[in-house]
Structure formats: structure tokens, C-alpha cells
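Here the structure is laid out as C-alpha cells; the discussion comes afterwards.
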Amino acid sequence: MPNKIDEIGFINRIGGQTFSTRLNIITQVGATVTLNGGNIAAGNGPYPVTGNPNWVSYSIQNVTGNVTLNSTKAMTAGIAAGSGAVGYGGYFAGFSSVPAITKTGDCYAGILLQVDNNYDGYQWYLNGVAIPGATTFSINPELYGAGAYTCSVTKNNCETKLTTIYNYTLCPPISTTTFTIGSCNTKVITPAFTSSTQTIAPSLTAIISQPTNGTATVNPTTGQITYTPNATTVNTTDQFVYYIQGNGNPFAFEYFRIIINTDVLQVNNASISICNSAAGNGTYNLTTASVTSAVGANITYFTNANLTGQITDPTNYTGPAGIIYANVTSAYGCSKVAQITLTMNQAPNINTSTYNAEFCDDNSSGVININFATVTPQIVTNSANFTVKYYLNQADATAGNNNTLPTNWNYSTNTTVYVRVESTNGCPPAFGQINFVIKNKVPLLTPTHVVEICDTDMNGSETVNLNTYKNIFTTDPGTNVTFHNSLADAQSGANAIPATQTINNGATGTFYLRFTNATQCFNTASLAIKVNAVPNINIANFNGNLCDDNFDGIVNVNFSTITPQVVTNSANFTVRYYLSQADANAGNTNTLPTNWTYTSATTVYIRVDGTSTICPTAFGQINFTIGNKITLLTTNFTAEICDNDLNGSQSVNLNDYRNQFTADPSVTLTYHATLADAQSGINGLAVNQIITTPATFYIRFTSNNGCPNTATLKISLRSPKKSEVLKDQIICSNDKAVLNAGDGFTSYLWNTGATTSTITVGVGTYYVDLGFNGCIYRQTVTVTAAQAPTITSIVVTGTTATINVTGGNAPYQYSLNGSDYQNSNVFTGLSRGPYKVYVIGRDGCQPVIKDFLILNLINTITPNGDGRNDVLDYSDLRIKDQVSIEVVDRYGAAVYKSSGNNYKWDGKSGGRNLSTGTYWYIIKWIEPDTKLPVSHSGWLLIKNRE
């Protein structure tokens with residue numbers, strides 16, 4: 001009996017009909033049974049078999065579809081099915097299949113001969129002889145050889161059967177062939193039998209094992225195989241196996257293993273450097289550049305990247321520095337391009353022929369300082385690219401040792417210096433030498449000269465040409481001279497100044513001269529030129545008509561203040577004053593003191609001497625006189641002013657009285673508290689004064705056209721009067737106010753033009769000029785409109801309305817008819833309907849009016865569909881803005897909220913009737929005209945038919 005039954009198909013179907021099907025299984029005790037790979041439920045068995053304790057049974061209801069049974073021991077199974085009068089059944093036992101040998105695999109992958117694996121025992125035979133150890137359901141015939149193979153199979157408790165003979169022929173050996181190709185190539189293989197003469201069937205040629213580093217394809221028409229390597233940067237080894245078959249009967253076949261070595265051409269960029277003493281082309285051996293290690297590779301050289309312009313002689317190429325392109329072709333025909341960078345290193349160079357090594361001892365120290373850092377760029381081209389060393393002997397320079405001269409070096413006698421120029425790029429050094437020499441200076445007749453001259457044109461300075469002094473120092477026409485402001489500039493030859501120079505009176509111009517010629521070193525000298533001012537005098541600059549400023553009859557003169565006015569640059573001269581011309585001519589000591597006085601017209605004689613005797617003395621005279629006083633219109637004036645603001649004082653500008661004394665605009669006035677101060681011109685007062693009591697001021701008059709004079713100004717204070725009855729008023733906006741200034745004034749002038757004591761006016765600001773005691777007092781009064789109150793909101797709760805007001809003049813009064821007012825802003829017990837509320841302020845002006853509504857508040861609805869009180873209807877509110885109606889239950893949960901312009905509610909929530917009970921409503925809206933918010937709330941009884 002079998003232990004596997006898997007040929008039960010569509011167990012519950014006959015044709016297109018299905019039936020309820022029971023599956024019955026009998027197997028040996030202890031067996032594990034599975035149905036379609038799953039364990040059988042415990043309720044379906046196993047059950048003992050009556051009369052045979054070695055067997056058990058299973059019974060499974062409602063089995064459908066294809067069924068596969070497996071048991072670890074012998075098993076049989078059956079089905080029973082039907083519907084009504086229709087029924088069918090079946091039984092499955094014995095071998096599950098007829099034993100037969102089949103071959104799997106191939107000669108490359110391996111061949112197996114096998115039978116079904118659901119038997120309990122196996123024994124293989126070759127040519128009728130049992131093969132030792134061959135007791136499984138499969139066998140590898142290549143291990144035992146060609147011949148007739150059979151297999152004996154056994155099923156527990158069943159008979160043993162022997163398969164039919166399977167004749168097996170051994171596989172031919174696999175041939176191996178190796179090829180090497182370039183990575184840019186493919187390999188085409190034409191298959192052929194090793195020994196068979198059969199013609200190969202191309203369509204049967206196949207790749208048995210694919211390559212891993214390339215692709216192998218078979219042409220089905222020719223049978224040729226093409227191998228293409230994958231792109232790679234390194235050498236690879238690949239292999240594949242193919243199969244061919246002949247057209248004979250029996251057919252010949254053979255396997256071949258192909259090994260492919262793929263050569264990847266490797267190239268690398270290189271560089272060549274040469275030394276060259278001049279810019280331009282260099283000569284290079286391009287073949288010295290190693291661009292590939294490939295054996296047998298061929299290299300051609302080109303001057304550009306597109307591989308045109310081939311270099312015919314790469315061992316002796318002449319050209320500029322740059323890049324050469326090497327086209328490398330491998331032995332397998334693959335090509336790649338490498339770059340060869342040509343570098344032309346500059347060879348060390350030196351040229352001392354143009355360097356002038358003859359130096360002057362500019363500072364006369366006997367030592368010449370040399371900075372080789374400045375010498376190097378002059379004798380070595382591109383010196384920054386080289387190392388330049390200086391030596392005192394040729395041997396050290398040749399050896400290139402460390403006995404070098406320092407960068408800053410000096411010499412006191414003629415000396416030869418040897419130069420070595422080294423490169424850092426491997427090029428050989430260059431050598432040279434410099435002969436340092438000390439030159440002689442230009443000879444001079446004198447190193448210094450001092451000279452004095454006069455300011456002949458008396459303009460405060462003298463212009464000189466320094467070239468006129470050259471012959472004092474040298475008469476050599478071949479020597480040139482330049483002029484400088486400092487010795488350092490003369491020594492360095494910097495900042496030369498023009499030969500024409502201007503020197504101020506009393507000053508000494510010191511100049512430094514630099515002398516040079518074509519063969520000698522420069523020399524320097526100094527030239528000092530002092531310019532003496534020519535004594536001068538100009539009496540026209542001084543007015544000798546002086547004033548008796550303090551009115552004492554004596555005129556004081558200070559000659560130290562006169563001297564600068566009559567003598568230009570007087571500090572450079574000696575100025576003396578005399579009462580006689582003879583004394584002035586003699587220049588004796590009979591001089592006047594610095595502070596001198598006179599009481600009548602007097603002539604004074606002046607002598608001016610310079611500091612040098614080379615310039616002449618100057619003479620002059622001044623006629624001193626006593627000047628006339630400024631003419632005044634009056635010397636006394638009395639004035640009265642009004643106390644305009646009634647504060648007991650009044651400010652006054654004293655300059656306002658100027659024209660009472662003089663009409664001359666050139667006269668200057670100062671004010672003083674005493675006559676002595678005015679005469680002395682001291683302790684001046686401010687022009688703005690506060691007058692509280694009668695005051696006297698003394699005025700000093702000064703002018704360039706006359707001598708000072710004085711006058712007296714007396715000022716007293718008058719008081720106007722203010723109205724005590726004229727007050728600010730507040731009136732209603734449309735009313736008039738009577739403004740009364742009162743009696744007791746000599747004149748009235750309102751800003752309205754009225755001249756009466758009273759005027760009638762509206763809201764505004766007014767003033768009246770009141771005349772009294774010769775003065776005018778301006779008094780201002782304001783008439784203000786009372787501010788109207790503003791009704792901010794009206795809150796209606798039931799039959800009660802609360803009016804909220806701001807602004808205006810509190811306290812407010814409230815009325816519903818415009819005549820009967822109350823102090824409270826709350827109105828109670830109002831009946832349903834429209835109302836107007838009137839509000840006035842404390843001023844009693846025009847009331848502000850606002851409409852409001854006592855709603856016809858509905859407290860009960862019976863939504864039973866009888867046409868009476870079925871809905872909550874607030875359609876009256878359609879005249880209001882932003883109306884909202886909300887109804888909540890006793891827990892505060894909303895059962896209705898209005899939306900849009902819906903003012904009616906049917907007493908339902910979500911389309912269902914609400915329970916009879918008390919609910920609460922809140923109604924809100926915005927008044928259309930004032931945009932004020934209004935709200936109402938209350939209870940609502942909903943009574944439904946229970």
C-alpha cells in the first residue's frame with residue numbers, strides 16, 4: 001500500500017456540479033497523516049478499526065478541490081459523495097505510479113537516473129548486477145559506467161517491482177580552450193566536434209554556463225559564438241561552457257569550456273623637464289616619457305588632442321612647453337591617449353655688464369653700503385626663481401659653500417665680489433663677478449654761505465633766484481646744481497625746489513644745494529639768505545582826530561596801538577615818536593612815552609629804523625586833534641508804557657526809543673544805569689528791560705563819524721483794566737450766548753467788529769480790546785458747544801430695557817416720550833412693540849434718540865401640526881442685522897441654532913420631536929443704523945403630544 005496519494009482531483013465535482021464529499025482514510029497505527037500539507041483536525045480521527053488493532057481511520061467532512069495525502073506508514077483512502085438521489089464513491093490503494101527510470105541533468109551540470117521517491121525500498125542494477133550501496137531513489141551513472149540500468153522498488157505490505165531497462169551512454173570529456181583579447185575586441189568562436197564527423201546542428205548550440213565578466217551569444221543560423229567583454233579598467237579572466245549536437249542518429253554531442261583573458265590597456269600621463277637659458281622652444285626626447293607598461297605597445301605622438309600633426313621624430317622634438325598627446329596602441333589593437341607635459345625650466349643666468357658698481361660715499365663716512373637684495377634683480381633675470389649667492393673669492397663661489405657675504409654688506413676700498421646663481425630645478429649654476437669702486441665728490445669753493453638782502457618793494461617778502469649764488473660755490477660750467485629744503489633731500493636728490501624762491505621779511509631762507517657732474521659723486525653746500533624789511537611808514541592809515549571818550553577834556557594816546565597802523569610789519573622795526581623834527585632826524589632819546597596825552601591839537605614826528613644797517617630809515621608825522629561829538633535830536637526823553645497783562649510789570653525794548661534821539665543809522669546805542677557808566681562806556685544794560693516802577697536809563701551814542709555823546713531816557717508804567725464779568729460759556733449747539741464785557745471802560749472793540757459792551761454770538765473763541773487809562777487790554781472768551789451723549793447699547797431682557805450711555809455731560813436723564821424724563825437708565829414692565837428712547841445730558845440740550853423693540857416673546861409652542869403655536873416665529877427681526885436664535889436644553893446643550901435669514905423654528909432637533917419640557921433661548925442682533933449689539937433671553941415651553 002502507498003504512503004502518498006496525490007491523484008485525487010476535484011474530489012467534490014462531477015462535470016459542472018459539486019457535491020458534499022466525505023474523505024475516509026485508513027493507515028497503520030502511529031502514522032502521521034497530512035492533508036494538503038496540513039495536519040488533520042483532532043475531531044476527524046484517528047479512530048480504532050474494529051477487529052484490527054494495527055490500523056486506524058480518519059473521516060473528514062466537506063472536502064473540496066484537489067487532494068494530496070501523505071502518511072509516514074502504509075495508507076489507503078476513499079470518498080463518498082452525493083446529493084438527494086445522486087451519489088458516487090471511490091477507493092485509492094497500491095502503487096501511486098508505475099515504476100520507471102528517468103534521466104535528469106546533462107553532462108555539464110551532472111546526470112541523475114531516478115524513480116519516484118514515495119517507495120519504501122530501492123535497489124539499483126547495472127547489466128542485471130546489483131550495485132552495492134545504490135539504495136536510494138536516484139543514482140549518478142557516470143560513477144558506474146555505461147550499460148543497462150534497472151531499479152527494484154518496494155512498498156511496505158505490497159509486492160516488489162522492477163523497472164524496465166534504461167540504456168545509458170557515458171558523457172564525452174569537456175575540452176578547454178584559452179583565448180586572450182583586448183578590452184576593445186570581441187571573440188568569435190566557430191564550434192566543431194573534437195572527433196565526430198557529424199554536422200553540427202546550429203540551432204542546438206547553446207551556452208550551458210554563462211560568463212561573469214562578459215556576454216556570450218549564439219548565432220542560431222551559423223552556430224557561431226560571439227564573446228563580448230564587459231567594460232572594465234583592469235585585466236580580467238572569464239569563462240563559459242557551450243554545448244553542440246550533431247545531426248546523426250544517435251546524435252553526437254560535446255561540451256567545450258572557453259577561458260577568455262581580457263587585456264585592458266593601461267596608460268598614464270607623464271612629464272619631461274629640460275633646462276633652457278632663454279624663453280621659447282626646447283628640444284625633448286618624447287620616448288623617455290613612460291606612458292604605459294603594456295608589452296608590445298606602439299606609441300605615436302601628436303601636438304594636439306584630436307591626434308593631428310604627428311611628430312615624426314619623437315626622440316628629437318623641438319617645441320614650446322605644453323602638452324603632447326601620446327596615442328598608445330596595445331598588441332591587441334586597443335588604443336588610449338596619454339598626455340606628456342613638457343616643462344621648460346629656466347637655467348640660471350647672470351649679466352653684470354650693465355650693472356654700474358661705481359658708488360659714491362654719499363654720507364662722507366668712508367664706507368659704501370650695498371644691499372645685494374637690490375643688486376640681484378639687476379644682474380639676474382627672473383631672480384626670484386633662483387638662489388643668488390655672493391662671495392669674496394672665486395673658489396668659494398665655485399664650491400657654493402656657506403662663506404657667503406651678508407645681504408647688507410659694505411666696503412671701504414675697491415673690492416671684487418663673485419656671484420653664484422643656483423636653480424632649484426636641477427639646472428647647473430651660473431657665475432659672474434662685480435668690481436665695486438668708490439667715486440670722488442664734486443669739489444666746492446666753500447661748503448656754506450650767508451647773505452642779507454632788503455625787501456626793496458616793501459611788500460613783506462623778497463623773491464630771489466638761487467642760481468645767482470652758484471658761482472660762490474663753483475665756477476665749473478659742467479657742474480649742475482639743484483636746490484632743496486633739507487640736507488637729507490639734497491643728499492638723496494629728492495624733492496628739488498624751484499630756483500626762484502620767496503623769503504618773508506625778517507626771515508632767513510636756508511637752502512641746501514646739490515652739485516653733480518658726469519664723472520664725480522655729488523656734493524652738498526648750504527646757503528642762508530636773510531631778508532630785511534625796509535623801514536616804512538603810512539600815516540594815511542591812521543586818523544589823528546581822536547575823541548575825548550570819557551568827557552574829561554584829555555585825549556589819551558597809546559603809541560603801541562598806533563605803531564601797527566602806520567608801520568607795516570612794525571614788530572620788525574624800531575619805531576620812536578618825537579615832538580620835534582630835529583629830534584626825529586637825530587634819533588636821540590628825546591622820545592615821547594608809550595602812553596601820552598594831549599588837550600589841544602599837536603604834531604608828533606615818527607622815526608622808523610630797521611634791524612640791519614643795509615636798509616634806510618623812514619620818517620613821518622601825525623597831526624593829533626580832538627574830534628566833535630555826535631549830534632542828537634534831544635538829550636532827554638520821557639515815555640509811558642501800558643501794563644498790558646496786568647501783572648504789575650511790562651517788558652520794553654529800549655531800542656524802540658532810538659528815533660527820539662537820532663535818525664542816523666550808523667550810530668550805535670548802549671544803555672547804562674548811571675551817567676558815569678554811559679560816559680565810560682562800561683556796564684552796559686540789556687536792551688530788553690522789565691518796567692515795574694519809573695526808571696531812568698543813560699544812553700551812550702557812538703559812531704565812526706563822530707565822538708561819543710550821552711542822553712537820558714525816563715520810562716513810567718500805566719495800568720489798563722480787565723473785565724470781571726466776561727466769562728467762558730457752554731451752550732447747546734444751536735443756541736446763542738450773550739457776551740458782556742461790563743461797564744467802566746473808555747472803549748470796546750470785539751473781534752467781530754462790534755464796539756458795544758455786549759455781543760450775541762454762537763460757538764467760538766472771541767476777544768475784546770478794552771480801553772482804560774490810555775491803555776488797551778485784550779481779553780479772550782470761549783463759547784463751547786455742549787457735547788451730546790452717545791447710546792452705546794440697549795439691552796432688552798423680557799419686558800425690561802437697559803439703556804447704556806457714554807460721553808456728553810453726565811448725569812444723564814432718560815425718557816420714552818421725549819417729555820417725561822427719569823434718572824434711571826432702566827425701564828421695566830414694557831409691553832411688546834417698538835419704542836424710542838430719549839437721552840439728555842446735564843446741559844439739557846437736544847436729546848439723542850434711539851429706536852428699540854420689545855419682542856413679542858414666545859414662551860410656548862406646541863409643534864403638533866394643528867396650525868396653532870406650531871413654530872417659534874421671530875420674523876419681526878428681519879429688519880435687524882446678524883440675527884441669531886439659539887435654543888438650549890436645561891443642561892445647556894444646544895438643540896437649535898438659526899442660520900442665514902431663518903427666523904422660524906419647528907420645535908424639532910435633527911428632524912425629531914423634542915421631549916416636552918422647559919428650554920432656554922438667546923436672541924441676538926445688531927442694530928442696522930448704530931451697529932449696536934442687542935440681546936434677549938428667556939425660557940420656552942415645548943409641549944409635544946406624548
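Quick caveat: nothing in here was measured; it's all calculated off a predicted structure.
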Could you tell me if the side chain of [Y] sits less than 4.5 Å from the side chain of [X], heavy atoms only?
X: L527; Y: F483; result: no
X: L717; Y: I641; result: yes
X: V604; Y: L579; result: yes
X: N585; Y: Y605; result: no
X: N408; Y: P406; result: no

Under 3.5 Å donor-acceptor, [X] side chain and [Y] backbone:
X: S353; Y: N351; result: no
X: R514; Y: A496; result: no
X: N523; Y: V442; result: yes
X: Y355; Y: T376; result: no
X: N751; Y: Y766; result: no
X: R607; Y: T617; result: no

- [ ] Flag the pair Y411 / W409 as yes when their ring centroid distance falls below 6.0 Å, and as no otherwise.
- [x] yes

With a cut-off of 3.5 Å and sequence neighbours excluded, list every side-chain donor-acceptor pair involving residues 471-480.
unit_1 : atom_1 : unit_2 : atom_2 : d
T474   : OG1    : D476   : N      : 3.1
D476   : OD1    : G478   : N      : 3.0
D476   : OD2    : T479   : OG1    : 3.0

TODO: For the pair N435 and T416, evaluate side-chain hydrogen bond (donor to acceptor under 3.5 Å, both in side chains) and give the outcome as yes or no after the intermediate values.
DONE: CA-CA 4 Å; N435 297 317; T416 297; 2.7 Å; yes

Task: Enclosure of N647 CG (heavy-atom neighbours >12, cutoff 6.0 Å) - done: yes

Without placing hydrogens or testing angles, list every side-chain donor-acceptor pair under 3.5 Å for residues 719-731, not counting sequence neighbours.
unit_1 : atom_1 : unit_2 : atom_2 : d
K721   : NZ     : G744   : O      : 3.1
S723   : OG     : V725   : N      : 3.4
S723   : OG     : L726   : N      : 3.3
S723   : OG     : A741   : O      : 2.5
D728   : OD1    : T782   : N      : 2.7
Q729   : NE2    : V738   : O      : 2.9

